[in-house]
Each structure stands twice: as structure tokens, then as C-alpha cells.
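Below is one structure, written out as C-alpha cells; comments come after it.
These numbers were taken from a predicted model, which means no experiment stands behind them. Sequence lines set the chain letters: A, B, ... in the order given, protein chains first and strands last, and positions in each chain run from 1.
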Protein chains: 2
Amino acid sequence: MDNFSTAQENYLKTIYHLQQTAETVSTNDLAAALGTAPASITDMLKKLSKKGLVSYKAYYGCHLTAPGTDKAIGIIRRHRLWEYFLSQKLGFSWEEVHEVAEELEHVSNEKLILKLDEFLGFPRTDPHGDPIPDAKGKMVQQQQISLASLPEKKAAVVTQIGNQSPEVLEMLDEKNIAIGTRIQVIKKYPFDESMEIKTDNRHQSHITRELSQNIFIKGSS
Amino acid sequence: MDNFSTAQENYLKTIYHLQQTAETVSTNDLAAALGTAPASITDMLKKLSKKGLVSYKAYYGCHLTAPGTDKAIGIIRRHRLWEYFLSQKLGFSWEEVHEVAEELEHVSNEKLILKLDEFLGFPRTDPHGDPIPDAKGKMVQQQQISLASLPEKKAAVVTQIGNQSPEVLEMLDEKNIAIGTRIQVIKKYPFDESMEIKTDNRHQSHITRELSQNIFIKGSS
DNA sequence: ATAATAATTTAGACAAATCTAAAAATAATT
DNA sequence: AATTATTTTTAGATTTGTCTAAATTATTAT
């Protein structure tokens with residue numbers, strides 16, 4: 001009753017993520033996110049529904065039940081702990097960690113994750129700044145203030161990346177921006193809402209609105 | 001052409017191990033080792049044979065081809081590196097590592113294993129003393145001298161455990177014997193071929209013939 | 001409000017890995 | 001060498017997760 005296939009875990013995790021922006025998750029959205037045909041989604045939702053992990057009504061999408069949410073958070077916990085491990089201990093770059101963590105997250109030994117968490121020093125965020133749920137499933141979601149809203153002259157520290165696609169991560173690498181980087185706004189251009197910034201490692205860069213909206217920060221007090 | 005299912009990897013690994021004691025591996029032996037019905041073994045051997053990983057002739061068993069052997073050694077490498085990681089970094093006991101490594105070994109990212117190997121300091125033996133193949137598949141198999149053949153008064157260091165069943169490992173734990181433990185024979189009893197030994201951690205124990213034959217050693221020069 | 005469009009589900013099929021029961025081949029025994 | 005026993009294979013089914021094509025339901029636009 002507590003054993004799930006890799007496929008099922010991926011469904012739960014993906015439904016959880018899609019639920020962050022919409023109450024209910026549609027069959028097509030899930031299909032797009034998983035790269036699976038909509039008909040297959042319907043089949044799987046019926047199975048997960050029978051198991052009590054999602055609440056599903058035909059033609060009206062689905063959402064996670066309480067047990068389903070717990071399970072999903074557990075998978076996300078594993079994923080992010082492995083990302084942290086790959087980044088901090090094995091020296092992987094932040095573009096690389098996601099793919100490998102996608103595999104490691106399905107290794108489901110309870111003690112392994114507890115010991116790994118301890119070994120890593122109970123980290124609270126992964127290499128992209130996303131919060132890592134603790135053993136009880138609790139995670140601290142910090143304020144989502146984007147770089148776009150930081151006024152001229154002001155400085156702040158990067159805490160999280162919104163869109164974590166390879167394209168975004170590549171740009172951030174080139175501009176020497178990572179989690180923990182201190183950024184100061186030199187000049188904002190109202191015309192296209194782009195900005196000139198300076199990072200703590202003496203780099204100066206031009207940031208478009210699109211990119212600045214995906215860089216989340218906290219005051220550098 | 002280079003992607004294998006968990007099931008297929010388990011077949012290759014198990015055939016490799018069974019080949020250590022017999023040239024050719026029979027369907028029934030494989031079935032017993034994998035806990036799978038003989039009919040299923042036949043099916044899978046046909047698939048692996050078509051892929052060129054095993055050489056299989058109906059009614060006459062199978063053995064690994066060169067590519068199959070390479071693949072099997074790769075899986076064993078992953079398994080033993082993870083065992084080392086679990087034991088040395090996460091503090092798992094040697095009875096526990098095998099089961100978890102059985103899952104982790106199927107995560108097949110090349111770079112992950114190279115980096116893990118480096119992170120662990122390129123260990124050459126796992127927690128049970130079994131050799132870990134290097135990135136090229138090479139492994140050093142040491143002399144298999146068992147404690148049973150060590151003469152009275154002589155001392156030696158434990159290098160490997162033969163039968164790694166939970167039963168054996170539990171006994172060794174109780175007698176404070178692990179890889180690296182220095183053992184001195186105090187007295188041998190010809191009647192039942194048991195012996196009295198002393199370990200470097202001041203413990204004295206009685207060892208039966210059965211157990212002594214599963215403790216491999218090297219001279220403590 | 002009805003027709004066109006989009007989303008979703010059903011129906012039927014497939015591949016992978018397994019099973020049981022029965023048939024066939026090999027090995028052992030008298 | 002013939003019979004018995006053992007091992008292995010074949011045949012037919014099952015489960016899981018997937019697919020395509022067709023049917024159905026919901027939504028949007030005229």
C-alpha cells in the first residue's frame with residue numbers, strides 16, 4: 001500500500017508542481033508536462049484515484065489528496081537533497097543536477113534519505129534556491145521578490161531562480177549569478193525594463209526584464 | 001543500444017556472479033538466484049541473447065559475452081561504490097548497505113559514477129572487502145586465503161568476507177570482526193576445526209570452521 | 001442558441017516482464 | 001537400452017504503462 005512505481009511518483013510530483021499555479025490540474029497540462037499522451041494521463045489518474053492519492057473527476061481535472069500531497073513532498077524532498085549532494089559534494093554544476101536527481105529521487109529507502117540529510121547538514125534550499133522539505137514535510141517558502149522590483153542603487157542577495165530551464169541557467173552562469181550572489185542595481189531603463197547590475201564578484205551585466213523576473217532576491221542586510 | 005532495464009541489469013549482474021563458480025549458468029540456477037520462475041528466465045535470455053549480451057543455447061545454459069561482461073562489471077562497480085559511500089559517508093552498517101545499493105546501482109549516469117568515485121577517493125574495496133572495478137573495469141582480486149588456514153600463534157588482517165548473508169555479518173559484528181581487523185590465532189581445535197582467536201580490539205572469540213572459512217585474510221606484515 | 005473548436009475519454013493494441021501449466025528435451029537410474 | 005526423473009522450453013495469460021484513432025463532452029464564437 002506504500003509502494004509506488006517511478007511513473008506514479010513522476011505523476012504525483014508533476015501534479016504537485018502544476019498545482020502551485022492552478023487549483024486544479026487538467027489532463028492536457030499534465031500530458032504536456034510529462035511528455036505523455038493525454039489518453040495515458042486519463043488511465044493513470046484513474047489508478048491514482050483508486051489508490052486515494054488524487055481526487056479525479058472525469059473532464060474536470062484532478063488535484064492531490066492529503067496523502068498524495070505528502071507523498072509528492074517526499075519525492076521533492078529526495079530530489080532536492082540529491083541535487084544538493086550532487087552540487088556540493090560531487091561538484092556538479094547547477095544545470096546538471098536536475099537530470100541526475102530525476103533518477104536518484106526514485107530510490108525510496110527511508111533511512112537513506114534521513115542519513116543523507118544529516119550528512120549534508122540539513123540544508124534548507126537546493127542549488128536553485130528551492131526549499132527542501134524536512135523529514136516531516138515542512139518547508140519554508142520565502143518571499144518571492146524578484147530582481148525586477150529592486151530599485152536603483154539598492155543591493156540584494158539572490159535566493160532562488162524561477163524558470164530553471166537550461167537556457168536560463170546558462171545565461172546566469174555567463175553573468176556570474178548564482179544563489180547567494182550579491183547584486184546591486186546600477187541603472188534601470190524604463191523603456192524596456194532592463195537594468196544594469198553589478199555583482200559582488202566585480203562583474204557588471206545587462207539584465208533583460210524577462211531574466212530579472214526569474215531572479216528572486218532577499219534584502220542584503 | 002546502450003540502455004538497459006533494471007531487470008536486465010539484474011540478470012547480467014547475477015549471471016556474472018554465478019559464472020565465478022561455473023563456466024556456464026543454467027536456467028534453474030539463475031531462476032533460484034533471481035527468485036524468478038524458470039520460464040521467465042528463458043524469455044529474458046532470448047532477449048539478452050538477441051542484444052548480444054549473453055551467449056545462449058537452448059537447454060545448455062548461458063554465459064556472458066564480452067560486451068555483457070563489461071556491462072556486468074559496470075553494474076558491480078556502481079553497486080560497490082554506493083556500498084562504500086553508504087558505509088563511509090552515511091554511517092550505514094555493513095549488513096544494511098547491500099539492500100540500498102541494489103537500488104542505487106541502477107542509476108546509470110556516467111558522470112555521477114566518475115564523480116562519486118573521485119569523491120570517495122577511488123576506493124579499491126567495498127565494506128565487505130570485495131574489489132571495486134575502476135573506470136576501465138579493472139579490479140584487483142587478492143589472494144583468497146581463509147582464516148581456517150592460518151596457523152596457531154600467527155596473525156593476519158581481515159580483507160574480505162565470503163558469504164555475506166545477514167546471518168554471517170551478524171555473527172562477525174558480535175565478534176567484533178570487520179574488514180581491517182587484525183586477528184591472531186590463539187588455539188586451534190583439531191576435533192571440530194574450530195579455533196580461539198584474539199582481535200586487535202582486545203576481544204577474544206571462538207570461531208567455528210564454517211565461519212573461519214568465510215573470513216579471508218592477508219599476512220599482517 | 002447553435003455550430004465549430006478544443007479537451008478529454010473510450011476502445012483497442014502493444015511491449016516488457018512476469019506467471020502457471022503443459023510439453024519437450026536432457027540426464028539419471030535400473 | 002528403456003524408463004523415470006529432472007530440467008528447460010513453449011503456450012497462453014496477466015499487469016503496468018504506454019500508444020493511436022475514434023467518440024464524447026465541454027468550451028468558444030458566431
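- For the pair Lys50(A) NZ and dT15(D) C1', the computed distance is 12 Å after rounding to whole Å.
- Rounded to whole angstrom, the span from the NZ atom of Lys57(A) across to the P atom of dT24(D) amounts to 20 Å.
- When the nucleotides dT9(D), dA17(C), dC19(D) are ranked by their closest atom to the side chain of Ala37(A), dC19(D) comes out on top.
- To the nearest angstrom, P of dT10(D) lies 14 Å from CD1 of Ile41(B).
- When the shell of 6.0 Å around CD of Glu110(A) is examined, it contains 12 or fewer heavy atoms from other residues, nucleotides or ligands.
- Between Asn28(B) and dT8(D) there is a side-chain N or O to OP1 or OP2 distance below 4.0 Å.
- Counting to the nearest Å, the C1' atom of dT15(D) and the CG atom of Asn3(A) are 15 Å from each other.
- The shortest distance between the side-chain N/O atoms of Tyr59(B) and the OP1/OP2 oxygens of dT7(D) is not below 4.0 Å.
- dT30(C) is paired with dA1(D) under the Watson-Crick or G-U wobble criterion, all donor-acceptor distances under 3.5 Å.
- Comparing Asp43(A) and Lys46(B) against DNA chain D, the residue whose closest nucleotide sits nearer the 5' end is Lys46(B).
- Leu34(B) has its CG atom 16 Å from the C1' atom of dT8(D), to the nearest Å.
- Taking only side-chain nitrogens and oxygens, Tyr60(B) never comes nearer than 4.0 Å to OP1 or OP2 of dT9(D).
- Comparing dC19(C), dA26(D), dG17(D) by their nearest atom to the side chain of Ala7(A) picks out dG17(D).
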Applying salt bridge (Lys or Arg N to Asp or Glu O under 4.0 Å) to Arg77(A) and Asp117(A), what does each step give before you reach the verdict? CA-CA 10 Å; Arg77(A) 168 167 156 81; Asp117(A) 196 10; 3.0 Å; yes

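- The side chain of Ser5(B) places an N or O atom within less than 4.0 Å of a non-bridging phosphate oxygen (OP1 or OP2) of dA17(C).
- None of Leu48(A), Val25(A), Thr24(A), Thr42(A) except one satisfies the side-chain contact (heavy atoms from CB on, under 4.5 Å) rule with Tyr56(A); the exception is Thr42(A).
- Within the 4.0 Å cut-off from OP1 or OP2 of dA17(C), not a single side-chain nitrogen or oxygen of Thr36(B) is found.
- Taking 4.0 angstrom as the limit, Gln8(B) places a side-chain polar atom (N or O) nearer than this to OP1 or OP2 of dA17(C).
- Between the side chains of Gln213(A) and Asn163(A), no donor-acceptor pair is found at a separation under 3.5 Å.
- Note: NE2 (His106(B)) to C1' (dA17(C)) measures 14 Å, nearest angstrom.
- Paired with His106(A) under the rule side chain to side chain donor-acceptor pair (under 3.5 Å), one option of Arg78(A), Glu9(A), His79(A) passes, and it is Glu9(A).
- If you check the side chains of Asn28(A) and Ser26(A), you find no donor sitting under 3.5 Å from an acceptor.
- Remark: Ser26(A) is not in phosphate contact with dA7(C), judged by side-chain N or O atoms under 4.0 Å from OP1 or OP2.
- Taking the side chain of Ser40(B) as heavy atoms from C-beta on, and the options dT18(C), dA17(C), dT8(C), the nearest nucleotide is dT18(C).
- Between Thr42(A) and dT10(C) there is no side-chain polar atom (N or O) within less than 4.0 angstrom of OP1 or OP2.
- Straight-line distance from the CG atom of Leu45(A) to the C1' atom of dG17(D): 13 Å, rounded to whole Å.
- Within the 4.0 angstrom heavy-atom criterion, base atoms lie near Ala39(B).
- Taking atom OH on Tyr11(B) and atom C1' on dA16(C), their separation rounds to 11 Å, with Å as the unit.
- The side chain of Lys47(A) lies closest to dG17(D), out of dT8(C), dT9(D), dG17(D).
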